[in-house]
Amino acid sequence: EDSHWAIPDWSQKYGAFVVDGAKEVTLVWHLSNHHHFYGGTWERLIMGEAGAVETRTNRVRFLASFIIGILLIMGVYHMGLFVQRRHELTSFWFATLCFTAAVCLLCFEHLFLFEPLESSLEKFRFQVKALIVSGLVNLCAVQAYISVTLPSPWFKAFNRVAGISVALV
């Protein structure tokens with residue numbers, strides 16, 4: 001229809017259809033994206049038996065949840081080390097790196113925790129902004145961690161160039 005009618009949604013949906021012995025099936029997928037410059041789908045269409053597709057999706061989500069949990073535990077541990085030894089900034093920046101990597105992974109896995117929520121323009125905008133901001137914050141955390149871990153004059157010059165390039169993005 002038009003952009004006023006369309007409600008953006010960034011989540012995975014399952015659909016099922018039965019093929020009754022036909023040799024050929026035509027699948028028509030009406031799709032529009034009035035709310036982001038990428039347009040169209042962001043992921044490929046996956047077809048197969050419903051159980052196999054759902055199992056594959058759940059496996060990816062469980063793995064992402066496991067990695068997010070590990071990153072959060074590592075972040076809490078290193079933040080505790082920083083609280084005990086405030087003069088060592090390496091623990092602080094590594095904890096920040098773990099936290100931002102967990103948020104970034106959550107965003108790149110399509111914020112699947114928000115899928116039960118109703119589709120809306122505000123939800124879609126939050127998802128897209130979280131995806132963009134989490135990546136940039138993670139780059140800054142990586143840069144800060146490496147600059148504290150490797151305090152060499154060469155890296156300080158590289159750090160300035162990298163900071164300017166991240167700021168321009």
Taking Val137 as the starting point, is it possible to reach Leu139 by hopping between hydrophobic residues whose side chains are less than 4.5 Å apart?
no

Please tell me whether Leu63 and Leu105 are part of a single hydrophobic cluster in this structure, the criterion being side-chain heavy atoms less than 4.5 Å apart.
yes

Least distance between heavy atoms, Ser134 atom then Cys104 atom:
OG-CA, 3.7 Å

Enter the distance from Phe126:CZ to Lys129:NZ here, rounded to the nearest 0.5 Å.
10.5 Å

Measuring from atom CG of Asn138 to atom OH of Tyr145, what distance do you get when rounded to the nearest 0.5 angstrom?
13.5 Å

Solution key, residues 67-81 side-chain donor-acceptor pairs under 3.5 Å, sequence neighbours excluded:
none

Return all side-chain donor-acceptor pairs below 3.5 angstrom for residues 86-101, not counting sequence neighbours, or 'none' if the list is empty.
residue	atom	partner	partner atom	Å
Thr96	OG1	Phe92	O	2.9
Thr100	OG1	Thr96	O	3.0
Thr100	OG1	Leu97	O	3.1

So which residues get pulled into Val83's cluster when ILVMFWY side chains under 4.5 Å apart are joined, directly or through others?
none

